[in-house]
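Basis for what follows: all heavy atoms, side chains included, without hydrogens, waters or symmetry-related copies. Start at 1 and go down the list; that is how both ligands and their atoms are numbered.
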Amino acid sequence: MTDICALDAVIFDVDGTLADTERDGHRVAFNAAFAAHGVEVTWDPDEYGLLLKITGGRHRIAADLRARGFGQTADQLAVDVHRTKTELFRDRVLAGEILPRAGVAGLVSGLRAIGVRVAVATTGRRAWAEPLVRHLLGEGTVEVMVTGDDVHRLKPDPQVYQLALRKLGLTPQAALAVEDSAVGLQAALGADLATVVVTNGYTADQNFSGAAAILPALNGTFPLTAERCRRLHHRWSVDHG
Ligand code: XBP
Ligand code: MG
């Protein structure tokens, strides 16, 4: 069946796409890390939602500390707080506390059943992303995984997607990206990838122009069938001349 659909691989984002990690996962770990370092900052869910446009936890912390007047100390403090945050979040991942979004298992096994390769492109750190993806998708499912540790420029820069394609040995025409956010979409489009956006509570109102499809969930409606797949690629090639 593999040749019916032009897809060779699907490249998944992690945060917000494979799992709803941000509000009750990363945010909680950031706040615990601030407290552990004696920094009187607590990000509430709304404030954290606004800060998500800054990708990469260390950059997010540094930008907020600077905005709060921490001045010269902001960058070093951000490194220290982020190191602690990474350890705390990894602990939660290893404890099995982060669950997949509904439909992830069915979608990924469906893709593999028709011979589509699975890859991951995240701006998060490998220390937690690797065990999380293993927990969410199972050992050996993901062929290529690119994280924030592997690139110099984070999303919305396309580098993570370009590197994932290079490691897969594919052109963008042979792959599809799945993202949850406008920043992620921008990164994937920058790598010339047709992109399906699966929204969540933080991203539902963002601008997704350029997306091949915008869906509220991974289960049920995902363009997995050969016909849908063909339509997606057709639409993408028309849009991109
Ligand atoms: C994810 C991020 C990350 C996470 C936190 O964006 O921007 O910074 O919020 O993880 P995307 P780290 O889903 O677009 O990849 O603290 O490890 O950066
Ligand atoms: Mg995301």
Side-chain angles (χ1 to χ4, degrees), residues 10-34 36-37 41 43 45 47-65 77-94 98 100-101 104 119-133 136 142 145-164 177-191 193 195-204 206 208 211 214-215 218:
V10 174
I11 309 173
F12 288 93
D13 169 50
V14 178
D15 290 308
T17 300
L18 291 179
D20 234 329
T21 47
E22 295 291 6
R23 197 191 63 182
D24 302 321
H26 289 300
R27 185 184 66 88
V28 174
F30 281 114
N31 286 340
F34 283 131
H37 287 266
V41 172
W43 288 338
E47 187 180 16
Y48 187 69
L50 298 175
L51 287 167
L52 281 175
K53 67 174 182 297
I54 305 163
T55 56
R58 181 168 59 80
H59 299 293
R60 191 172 300 145
I61 296 167
D64 192 50
L65 293 181
L77 197 48
V79 170
D80 297 339
V81 171
H82 191 242
R83 189 181 303 116
T84 301
K85 177 264 163 184
T86 299
E87 285 165 12
L88 293 172
F89 189 66
R90 180 180 155 86
D91 288 347
R92 288 196 60 189
V93 167
L94 293 176
I98 311 294
R101 278 186 75 168
V104 164
V120 157
T122 174
T123 57
R125 304 311 299 261
R126 186 170 284 274
W128 61 259
E130 209 163 57
L132 178 60
V133 166
L136 297 175
V142 170
M145 175 157 185
V146 181
T147 71
D149 291 24
D150 307 316
V151 291
H152 297 297
R153 296 185 300 277
L154 302 182
K155 299 174 190 175
D157 190 283
Q159 224 178 34
V160 270
Y161 280 106
Q162 288 163 339
L163 186 53
V178 185
E179 272 287 352
D180 70 304
S181 69
V183 166
L185 172 65
Q186 210 180 315
L189 292 180
L193 281 157
T195 306
V196 172
V197 173
V198 185
T199 61
N200 59 50
Y202 272 138
T203 66
Q206 294 180 352
F208 295 122
I214 305 165
L215 308 170
L218 285 160

Asker: I need the Q186 CD to T55 OG1 distance, nearest 0.5 Å.
Answerer: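 The distance works out to 10.0 Å.
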
Asker: Taking distance alone, with N or O pairs closer than 3.5 Å, would you say E22 contacts ligand 1?
Answerer: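 Yes, E22 has an N/O under 3.5 Å of an N/O on ligand 1.
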
Asker: If you measure from CG on L94 to CZ on F89, what distance do you get to the nearest 0.5 Å?
Answerer: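 Separation between the atoms: 10.5 Å.
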
Asker: What protein heavy atom is closest to atom 14 (O) of ligand 1, reported as residue, atom name and distance in Å?
Answerer: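 Going by distance alone, atom 14 (O) of ligand 1 is nearest to K155 CD, 3.3 Å.
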
Asker: So, taking the atom named CD in E87 and the one named NE2 in H82, what distance separates them when rounded to the nearest 0.5 Å?
Answerer: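 With rounding to 0.5 Å, CD (E87) is 11.0 Å from NE2 (H82).
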
Asker: Considering non-hydrogen atoms of the protein only, which is the closest contact for atom 8 (O) of ligand 1, and what is the distance?
Answerer: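 Atom 8 (O) of ligand 1 sits closest to the protein heavy atom G56 N, 3.0 Å.
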
Asker: Using the ring centroid of each side chain, check whether H26 and W43 are separated by less than 6.0 Å.
Answerer: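 No, too far apart.
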
Asker: Which atoms form the tightest heavy-atom contact between V28 and R23, and what is the distance?
Answerer: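 What the structure gives for the nearest pair is CG2-O, 4.0 Å.
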
Asker: Tell me whether ligand 1 is touched by D13 - counting only heavy atoms on the residue side and a distance under 4.0 Å.
Answerer: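 The answer is yes, since D13 has a heavy atom less than 4.0 Å from ligand 1.
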
Asker: Of all the non-hydrogen atoms in the protein, which one sits nearest to atom 7 (O) of ligand 1, and at what distance?
Answerer: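 Looking at atom 7 (O) of ligand 1, the protein heavy atom closest to it is R60 NH2, 2.9 Å.
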
Asker: I need the atoms of ligand 1 closer than 4.0 Å to a non-hydrogen atom of T55, numbered in the order shown.
Answerer: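 Near T55, the atoms of ligand 1 are 7 (O).
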
Asker: Could you give me the CA-CA distance, side-chain angles and deciding distance for D80 and H37, then say whether side chain to side chain donor-acceptor pair (under 3.5 Å) is met?
Answerer: CA-CA 8 Å; D80 297 339; H37 287 266; 5.4 Å; no

Asker: Could you establish whether V14 and ligand 1 come within less than 4.0 Å of each other, counting only heavy atoms on the residue side?
Answerer: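 Distance cut 4.0 Å: V14 fails for ligand 1.
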
Asker: Once you round to the nearest 0.5 Å, how far does CG of D157 lie from OG1 of T123?
Answerer: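 With rounding to 0.5 Å, CG (D157) is 11.0 Å from OG1 (T123).
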
Asker: Is the closest heavy-atom distance from G184 to ligand 1 below 4.0 Å?
Answerer: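 No; G184 lies far enough from ligand 1 that no heavy-atom distance drops under 4.0 Å.
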
Asker: Say whether, by atom type as modelled, one donor and one acceptor occur between the side chain of Y202 and the main chain of D20 under 3.5 angstrom.
Answerer: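 Not at all, since once roles are kept as given, no pair shorter than 3.5 Å links the two residues.
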
Asker: Write out the residue and atom name of the closest protein heavy atom to atom 2 (C) of ligand 1, then the distance separating them to 0.1 Å.
Answerer: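 Checking every protein heavy atom, the shortest distance to atom 2 (C) of ligand 1 gives T123 OG1, 3.2 Å.
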
Asker: Hey, does D64 have a side-chain heavy atom less than 4.5 Å from the side chain of R60?
Answerer: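 No. Closest side-chain heavy atoms not under 4.5 Å.
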
Asker: Considering only heavy atoms, which of F89, F12, W128 lies nearest to atom 10 (O) of ligand 1?
Answerer: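 Comparing heavy atoms across F89, F12, W128, the nearest one to atom 10 (O) of ligand 1 lies in W128.
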
Asker: Of all the atoms in ligand 1, which lie at a distance below 4.0 Å from a heavy atom belonging to F30?
Answerer: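 Selected atoms, number and element: 16 (O).
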
Asker: Check each atom of ligand 1 against the heavy atoms of H82 and keep those under 4.0 Å away; list them by number with element.
Answerer: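 Answer for ligand 1: 12 (P), 16 (O), 17 (O), 18 (O).
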
Asker: With a 4.5 Å heavy-atom cut-off, do V160 and D150 have their side chains touching?
Answerer: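 Contact flag for V160/D150 side chains = no.
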
Asker: Quick one: does K85 get an N or O within less than 3.5 Å of an N or O on ligand 1?
Answerer: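 K85 vs ligand 1: N/O contact under 3.5 Å present.
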
Asker: Do L88 and R92 come close enough that some side-chain heavy atom pair is under 4.5 Å?
Answerer: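 No, side chains not in contact.
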
Asker: Just need the protein heavy atom nearest to atom 18 (O) of ligand 1, so name the residue and atom and give the distance.
Answerer: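 Scanning the protein heavy atoms, the shortest distance from atom 18 (O) of ligand 1 goes to G57 N, 2.7 Å.
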
Asker: Any idea which atoms of ligand 1 are less than 4.0 Å away from a heavy-atom of T122?
Answerer: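 Matching atoms, with element in brackets: 15 (O).
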
Asker: Counting heavy atoms only, which of K53, H26, R126 comes nearest to atom 5 (C) of ligand 1?
Answerer: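 Selected option, by shortest heavy-atom distance: H26.
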
Asker: Would you say H59 touches ligand 1, if touching means a heavy atom closer than 4.0 Å?
Answerer: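 Per 4.0 Å heavy-atom rule, H59 does not contact ligand 1.
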
Asker: What's the spacing between D149 CG and T122 OG1 if we round to 0.5 Å?
Answerer: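 Taking CG in D149 and OG1 in T122, the distance rounds to 10.0 Å.
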
Asker: At their closest point, which heavy atom of S181 faces which heavy atom of F208, and how far apart are they?
Answerer: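 That closest heavy-atom pairing would be C-CE2, 3.4 Å.
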
Asker: Return a yes/no value for T86: is any of its N or O atoms, backbone included, closer than 3.5 angstrom to an N or O of ligand 1?
Answerer: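 For ligand 1, there is no N or O atom that lies under 3.5 Å from one belonging to T86.
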
Asker: For the Mg ion (ligand 2), check which protein N, O or S atoms are under 2.8 Å away and list them.
Answerer: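 Result, waters dropped: D13 OD2, D15 O, D180 OD1.
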
Asker: Heavy-atom distances under 4.0 Å decide this one: backbone, side chain, both or neither, for R58 against ligand 1?
Answerer: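 R58 to ligand 1: no contact under 4.0 Å from either part.
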
Asker: Hey, is R125 touching ligand 1 through its side chain, its backbone, both or neither, going by heavy atoms under 4.0 Å?
Answerer: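 For R125, the contact with ligand 1 is made by both the backbone and the side chain.
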
Asker: Which residue is it: D13, L185, V178? I am looking for the one with a side chain to side chain contact (heavy atoms under 4.5 Å, CB included) to T195.
Answerer: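 Option passing the side chain to side chain contact (heavy atoms under 4.5 Å, CB included) with T195: L185.
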
Asker: Given 3.5 Å as the limit, does a donor-acceptor pair link the side chain of Q159 with the main chain of H152, or not?
Answerer: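 Yes.
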
Asker: Would you confirm whether R125, through its side chain, and T147, through its main-chain N or O, come within 3.5 Å as a donor-acceptor pair?
Answerer: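 No; zero donor-acceptor contacts below 3.5 Å.
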
